[in-house]
Amino acid sequence: MAMDYGRCAKEIFETLGGRENLVSAAHCATRLRLVTVDNSRIDMKKLEDIDGVKGVFSNNGQLQLIIGTGIVNKVYEEFLKVSGMTAATKEEVKAAAAAQQPIAKRMIKALGDVFVPILPAIVASGLMMGLVEALGKAMPAFAGSDWYGILDLLANTAFVFLPVLISVSAARVFGGNIFLGAVIGMIMIHPNLINAWSVAGMDAADIPVWHLLGFSIRQVGYQGHVIPVIIAVWVMCQLEKWLHKHVPEMIDLFVTPLFTVILTAFLTLGLIGPIFSTAENYVLGFAQWIISVGHGVGSMIMGALYPLTVVCGIHHMYNVIEAGMLSAAEGLNTWMPIASAANFAQGAACLAVGLKARNNKTKAVAIPSALSSALGITEPAIFGVNLRMVKPLVCGMIGGAAGALLGAIFHIGATSYGVTGIPGFLITLDYTFQYAIILAVAFAVAFGLTWVVWKEEEQEKGEQGRAAAGSANKEGAQNQQKQMTQKPDSIKNTAKEAIDGQVKVLEAADKVMETMVMPKVLEEKTLYVPVKGNIIAREAIPDDTFASGVLGDGVGIEPEAGLVVAPCDGEIASLTDTCHAIGMTTAGGMEILIHVGIDTVNMQGDGFALYVSQGDKVKAGQKLLTFDMEKIKAAGYDTTTAVLVANSFMFPDFSVLKTGKSELMEKLITAEK
């Protein structure tokens, strides 16, 4: 029975608490995205039970209702009619959602947004520093060579000029001119100022001071500092925006940048820098206290809780602590072993699941995810396996606590940040043996506990039930087929007794139908690879909604080229105005969703180009859309493309035929009713 879009929209609106509880509404390829005044006024269970709503979750201040491709746009149209609201863009909804979040969460998110884009530079520099140091220790002659000198210069550049990197990224996040942000960052580490690392060994009386209008400004730089830089650039962006609004356009080009830089520079050197560098020192002192309290008990607690901060998306706040530790007198990042133990333990728990599981799909997800965790990337293991099964997550937390406790006892320190797991050996060269022990203990505890505690029985029961249902459906289909074949036979026999000529006509018609229908049916059963790249299991897609299967079963593809072709013959059922997702239907009844990237709806179509229109009939292999992979990555989004069959539950014999490296139009999925 066709879905009643109006009724669905009306029930959603009524459950949300009426118009007074709504701020804005928009939709993407699969979800209705809402911002409400107060989520506590909403009965989430009732919302999930509405016919047409496949799931509900809250993310970054948005209430997202999973409805499905080709349907969400129709429900959205009806929702606007019922609510009396006007359509909002994705950016407007995102801004409204951000405004609804608690200030603490907004601040943590801002820190993450600032640090994530510069992490590749930090990681590259950290690993290079480790390699250069290792070579210097292994070959004393090399340590005094010109090669060592130039490689050391290349390796530490990102850390020497860290405030500039942070200021550029912060200006982008806060909506200011990134080049003005760079100027503020460079002012804070100008060579005319005394290097911050040199101040610790000086008497206060020896530090030169500028005396301006009754104020004293110490001539000290902010090398290695983080919080003062971010605050200074935030102030700069607010000032720049205010000036743009109030300065006449004819002089705006000259006046706004001039006054923005001068005013921000004076505020930074005279007020923001001294106050927030002191505050940063207190934050670092508190972090050091956590690590040392109770002879490592604090580290143990943080080692257990670290994966939960990854789940909440707030783990990037630790970058501030780590950067500050590296700029301190001791110059060691003692937070890194906590994160490394926690990450390695989650990978161990995931590996135990992969090795113990009998289900091939579980193995295909868990084992690669565990290897990824060993290299410091834990999201596939946590979101794809451990969090869904709960027990492996808890076992990994216990293993992380054990490893972090040892890290505190050994007082291990790293010379960089942004690197954990096996690559961490390169930035813990003075503690190689101890670092190996904490990883081994974290691994052993998490792996052993998961092996004992986690069982596949419940999963097997679910799979057996689905298999039984599939078998029953198949048996029913066979019986129905027998009845259908028997009925024409009886008709033919009766007709033969009556008129031989009519039988010949029927037989000829049957042959014609066979030659026309059978090849078409065979094609409809198979989907072919629409994007060249590495095919991963649906559960490993780095998006909870896709990975959970609520939008249908299928696969993810890590693309090698920005081209999407039709995976089969069919009709274009839906397109997004942001051009990042396509819905298709086939004559065999499959509803297909191809969604390029994770959260790429926020790019507003930038970097995407469509070559089809809604309602077009397309052939397998036909070009549907292109996308700029580098532009997506530069914007901070994952390019993993979801290829899902939204109504996969209607196909008992649904099967994924291909994983790993694949070319276009290789067989990917079969689905039979």
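Every heavy atom of this structure was used, including side-chain atoms; hydrogens, water molecules and symmetry mates were not.
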Aromatic ring pairing Phe443/Phe344, orientation class (parallel under 30°, perpendicular over 60°, tilted between): tilted

I'd like to know whether Ile598 forms a side chain to side chain contact (heavy atoms under 4.5 Å, CB included) with Ile541, so could you lay out the CA-CA distance, the side-chain angles of the two residues, the decisive distance to 0.1 Å, and finally the verdict. CA-CA 9 Å; Ile598 307 302; Ile541 299 175; 4.0 Å; yes

Looking at Ile272, Val164, Ile166, which hits side-chain contact (heavy atoms from CB on, under 4.5 Å) with Val229? Ile166

I'd like to know if the side chain of Thr428 reaches the main chain of Leu426, judged simply by a donor and an acceptor atom lying under 3.5 Å from each other, with no hydrogens or angles considered. no

Would you check if Ile275 and Leu271 make a side-chain contact, meaning some heavy-atom pair closer than 4.5 Å? yes

What are the two closest heavy atoms between Leu193 and Gly221, and how far apart are they? CB-N, 3.7 Å

Show every salt bridge (charged side-chain N to carboxylate O under 4.0 Å, His left out) that has at least one partner inside residues 430-451, sequence neighbours left out. Lys137-Asp430

Is there any salt bridge (charged side-chain N to carboxylate O under 4.0 Å, His left out) pair reaching into residues 344-354, and which pairs are they, with sequence neighbours excluded? none

Hits for side chain to side chain donor-acceptor pair (under 3.5 Å) against Thr420, two or more places apart or cross-chain, chain-then-number order -> Asn343

Going by heavy atoms in the side chains, are Val261 and Ile187 under 4.5 Å from each other? yes

Report, as yes or no, whether the 6.0 Å neighbourhood of atom CG on Asp146 holds more than 12 heavy atoms from other residues, nucleotides or ligands. no

Ring pair (Phe, Tyr, Trp, His ring centres under 6.0 Å) against Tyr435, all qualifying residues, sequence neighbours excluded: Phe425

Taking side-chain contact (heavy atoms from CB on, under 4.5 Å) as the criterion, tell me which of Val173, Val226, Leu165 meets it with Val114. Val173

Looking at CG of Leu269 and OG1 of Thr264, how far apart are the two atoms once the value is rounded to the nearest 0.5 Å? 10.5 Å

So, Arg218 side chain and Val209 main chain: donor-acceptor pair closer than 3.5 Å or not? no

For Phe161, does the CZ atom sit with more than 12 other heavy atoms under 6.0 Å from it, leaving out its own atoms? no

Do Thr600 and Phe627 have side-chain heavy atoms sitting under 4.5 Å apart? no

Set out, in order, the CA-CA distance, both residues' side-chain angles and the distance that settles side chain to side chain contact (heavy atoms under 4.5 Å, CB included) for Gln219 and Ile207, then state yes or no. CA-CA 7 Å; Gln219 299 177 32; Ile207 299 174; 5.7 Å; no

Any sub-3.5 Å donor-acceptor pair from Asn156's side-chain atoms to Asp152's backbone N or O? yes

Any non-hydrogen side-chain atom of Leu393 less than 4.5 Å from a side-chain atom of Gln346? yes

Is there a side-chain contact between Lys661 and Glu560 in this structure, where contact means two heavy atoms from C-beta onward sitting under 4.5 Å apart? yes

Are the side chains of Trp335 and Ser299 in touch, meaning some heavy atoms are under 4.5 Å apart? no

Is the backbone N or O of Met336 less than 3.5 Å from a side-chain atom of Ser340, with the two atoms forming a donor-acceptor pair by type? no

Donor-acceptor under 3.5 Å (Thr659 side chain, Ile535 main chain): no

Residue Phe266 excluded, over 12 heavy atoms near CZ under 6.0 Å: no

Spell out, as yes or no, whether a donor-acceptor pair under 3.5 Å connects the side chain of Asn602 to the backbone of Asp599. yes

Counting only heavy atoms from other residues, nucleotides and ligands, does the tally under 6.0 Å from CH2 of Trp147 exceed 12? no

Taking only distance into account, with no hydrogens and no angle test, what donor-acceptor pairs under 3.5 Å do side-chain atoms of residues 350-357 form with protein atoms, sequence neighbours excluded?
from	atom 1	to	atom 2	distance (Å)
Lys356	NZ	Trp451	O	2.5
Lys356	NZ	Trp454	O	2.6

With sequence neighbours left out, what residues match Asp543 under side chain to side chain donor-acceptor pair (under 3.5 Å)? Arg31

Give the C-alpha distance, both sets of side-chain angles, the deciding distance and a yes or no for side chain to side chain contact (heavy atoms under 4.5 Å, CB included) between Val555 and Arg538. CA-CA 4 Å; Val555 299; Arg538 185 252 304 157; 5.7 Å; no

Let me see the working for Arg172 and Val168 under side chain to side chain contact (heavy atoms under 4.5 Å, CB included), right down to the final yes or no. CA-CA 6 Å; Arg172 180 188 61 81; Val168 170; over 6 Å; no

Can you check whether Asp628 reaches Ile632 side chain to side chain, under 4.5 Å on heavy atoms? no

Does Met188 reach the side chain of Gln223, with side-chain heavy atoms less than 4.5 Å apart? no

Can any side-chain N or O of Gln434 pair as donor or acceptor with the backbone N or O of Ile412 at less than 3.5 Å? no

